[in-house]
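Keep in mind that what you see is a predicted model, and the values were worked out from it rather than measured. Labels below follow one simple rule: chain letters A, B, ... track the order of the sequence lines, proteins then strands, and each chain is numbered from 1.
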Protein chains: 2
Amino acid sequence: MIELSTKRKTSRNARYHHGDLKRTLLSAAETELAEKGVEAFSLRGVAKRAGVSHAAPAHHFGDACGLLTELAANGYERFIEAQVCRQKSAPGDARSQLAASGLGYIDFATANPALFRLMFASERPDKSADVLSRAANLAFDRLVSDIQNIKGTDPYTDQSAMTDVMSAWAIAHGLADLMIAGRLDRATFLRDRTPAEQDAVFADIIVRAIGSQPQ
Amino acid sequence: MIELSTKRKTSRNARYHHGDLKRTLLSAAETELAEKGVEAFSLRGVAKRAGVSHAAPAHHFGDACGLLTELAANGYERFIEAQVCRQKSAPGDARSQLAASGLGYIDFATANPALFRLMFASERPDKSADVLSRAANLAFDRLVSDIQNIKGTDPYTDQSAMTDVMSAWAIAHGLADLMIAGRLDRATFLRDRTPAEQDAVFADIIVRAIGSQPQ
DNA sequence: TGTACATCAGTGAACGCGCGTTCACTGATGTAC
DNA sequence: TGTACATCAGTGAACGCGCGTTCACTGATGTAC
């Protein structure tokens, strides 16, 4: 009875027709993913977590691939947000901005390891889906633009600048992936440092990955 | 009948007692892994592929975790071999040797993407198992030694050198992981280049990730 | 304002599937004597 | 050389489980009149 009245108070939609089930399912799916990992992710688990019949997700997403695709696309938005967030509180020069972007990349991965792996290493989402490929391209374009601001040339026409794009991407990605694999902190004394010191090490590594030619 | 006599000819052990089933299972498991991916890997699939009862693998590995752990450990051996192979045909100076090691890292990943992911990104193998952690540490020690040859100091006592270790590892790992995710070739014109040109780009990126101080 | 009806979100029972695990077994091998 | 026996690798039937999918259904909503 208490539960019922609470439901009524907190949400007029908590009835037979949920009203906001799609968003609820996405949120439940993210928790499911974080707790079980991509390998053990299941639609039934998501439905259970959302407190809904196991057949309900099909109405909104068709199958697990559809759900995971939207989840990954949504992940890219927050992936970019994490980078923007770091950039806002960093110095305005082009190199500091690139380093900040890389730190945001690592922030996102360590905060959402399973989601990060879903976005970059899983076969389950449909990478050719518009929502997903568009979101992923947006993130890539930001990197290209960061490099252009450092080099002063367009990576799409300057091969040397595109090499810098690859280098910056690979270094941020490598640090992020090794971090969530638990490899860096154990072997490299990284865990003996404060978060600020860690950031400084990462920023140093990121910046040096870019050729040292002045703008 | 033909099959039977063939069996007799090709292997005296192809009888009730297989004789070499453990090795056969490992080989079948690798194929299974490569074709199905870590997510869909199953013991029954391996047994079927090896032409053996589905309960047989338990005799040798206990469960899927045991099999995958040995598979990963075996993977590290070949991972190191791929790096040694590149180093043998590279110039002897310390920087070229490091670059060669990185190229071997990428070679292995692109040749065995699922196995690489099993080794670096899966929760299924038992990372605390002796065979596995020892094999992984061996690979790490090789990298540490490569850096020591460049810097002239021991990374375990010189923080700046350990930063180089992290940097070199991250760049090779990032390139490798992005390659097998199919990200680099599409976006960065890498596929327009010959394999030798790709190697040159990668080697350039790897070497520049190391601080430029002379030995 | 009220009634009828189409639409659609969500239900829950049922299905078949592949999985890991168990267990009594069978057949080959090696060793003792 | 031959026999008896312990050991162990591999079998195959059986089990319970969670999964995705299907489908007839129910209950709420919105709209036409």
Side-chain angles (χ1 to χ4, degrees), chain A residues 3-4 7-8 10-29 31-33 35-71 118 122-126, chain B residues 3-4 7-8 10-29 31-33 35-71 118 122-126:
Chain A
E3 282 165 346
L4 190 61
K7 262 186 172 176
R8 281 213 188 100
T10 52
S11 163
R12 292 181 319 132
N13 292 323
R15 286 161 295 181
Y16 189 96
H17 282 107
H18 185 288
D20 202 20
L21 185 53
K22 186 164 183 179
R23 197 180 309 265
T24 302
L25 284 172
L26 273 174
S27 158
T31 312
E32 173 86 356
L33 184 69
E35 289 188 8
K36 301 272 191 72
V38 193
E39 295 169 8
F41 179 92
S42 82
L43 275 189
R44 278 177 115 108
V46 173
K48 193 177 204 176
R49 211 176 277 273
V52 98
S53 142
H54 64 260
H59 280 276
H60 294 279
F61 301 101
D63 54 14
C65 170
L67 208 176
L68 289 171
T69 301
E70 286 216 30
L71 204 55
L118 179 76
S122 175
E123 300 292 329
R124 299 189 70 175
D126 176 13
Chain B
E3 282 166 345
L4 191 60
K7 261 185 172 176
R8 282 214 188 100
T10 52
S11 162
R12 292 181 318 134
N13 292 322
R15 285 162 295 180
Y16 189 96
H17 282 106
H18 186 287
D20 201 22
L21 185 53
K22 185 163 183 179
R23 198 180 308 265
T24 302
L25 283 172
L26 274 174
S27 158
T31 313
E32 172 86 355
L33 184 69
E35 290 187 9
K36 301 271 190 73
V38 193
E39 296 168 8
F41 180 91
S42 82
L43 276 189
R44 278 177 114 106
V46 172
K48 193 176 203 175
R49 211 175 278 273
V52 97
S53 140
H54 64 261
H59 281 275
H60 295 277
F61 302 100
D63 55 14
C65 171
L67 208 175
L68 289 171
T69 301
E70 285 216 31
L71 204 55
L118 179 76
S122 176
E123 301 292 330
R124 299 189 71 177
D126 176 13

Nucleotide nearest [X] when distance is taken to its side chain, options [options]:
{"X": "A/H59", "options": "D/dT21, C/dG10, C/dT21", "result": "C/dG10"}
{"X": "B/V52", "options": "D/dG10, D/dT21, D/dA13", "result": "D/dG10"}
{"X": "A/H54", "options": "C/dC19, C/dA14, C/dA9", "result": "C/dA14"}
{"X": "A/A55", "options": "D/dC23, C/dG10, D/dG10", "result": "D/dC23"}
{"X": "B/H60", "options": "C/dG10, C/dT21, D/dA9", "result": "D/dA9"}
{"X": "B/S53", "options": "D/dT11, D/dC19, C/dC19", "result": "D/dT11"}
{"X": "B/A56", "options": "C/dT11, D/dG10, C/dA9", "result": "D/dG10"}

Please give the nucleotide sitting opposite [N] as a Watson-Crick or G-U wobble pair, both distances under 3.5 Å, or none.
{"N": "C/dT29", "result": "D/dA6"}
{"N": "C/dT1", "result": "none"}
{"N": "C/dC23", "result": "D/dG12"}

Could you tell me how far apart [X] ([atom1]) and [N] ([atom2]) are, to the nearest whole angstrom?
{"X": "A/R44", "N": "D/dT22", "atom1": "CZ", "atom2": "P", "result": "13 Å"}
{"X": "A/L43", "N": "C/dG10", "atom1": "CG", "atom2": "C1'", "result": "15 Å"}
{"X": "A/D20", "N": "C/dG10", "atom1": "CG", "atom2": "C1'", "result": "15 Å"}
{"X": "A/K48", "N": "C/dG12", "atom1": "NZ", "atom2": "P", "result": "15 Å"}
{"X": "B/R23", "N": "D/dG10", "atom1": "CZ", "atom2": "P", "result": "14 Å"}
{"X": "B/L21", "N": "C/dT29", "atom1": "CG", "atom2": "P", "result": "15 Å"}
{"X": "A/L25", "N": "C/dA9", "atom1": "CG", "atom2": "C1'", "result": "12 Å"}
{"X": "A/D63", "N": "D/dC19", "atom1": "CG", "atom2": "P", "result": "16 Å"}

Check: Heavy-atom distance under 4.5 Å between the side chains of B/F61 and B/L68, does that happen here?
Finding: no

Is any side-chain heavy atom of B/E39 closer than 4.5 Å to a side-chain heavy atom of A/S122?
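The answer is yes; the side chains approach within 4.5 Å.
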
| query | Would you find a donor on one side and an acceptor on the other, under 3.5 Å apart, between the side chain of A/S27 and the backbone of A/R23? | reply |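 Checking the backbone N and O of A/R23 against the side chain of A/S27, no donor-acceptor pair under 3.5 Å is found.
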
Rounding to 0.5 Å, atoms CG (B/D126) and CD (B/E70) come to a distance of 11.5 Å

**First encountered from the 5' end of DNA chain D, between A/A58 and A/K36** =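 Looking at DNA chain D, the more 5' nearest nucleotide goes with A/K36.
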
| said: Would you say B/S42 places a side-chain N or O within less than 4.0 Å of OP1 or OP2 belonging to C/dC19? | reply: yes

inquiry  = side-chain contact (heavy atoms from CB on, under 4.5 Å), that's the test. Do A/E35 and A/R49 meet it? Break it down for me.
reply    = CA-CA 12 Å; A/E35 289 188 8; A/R49 211 176 277 273; 3.3 Å; yes

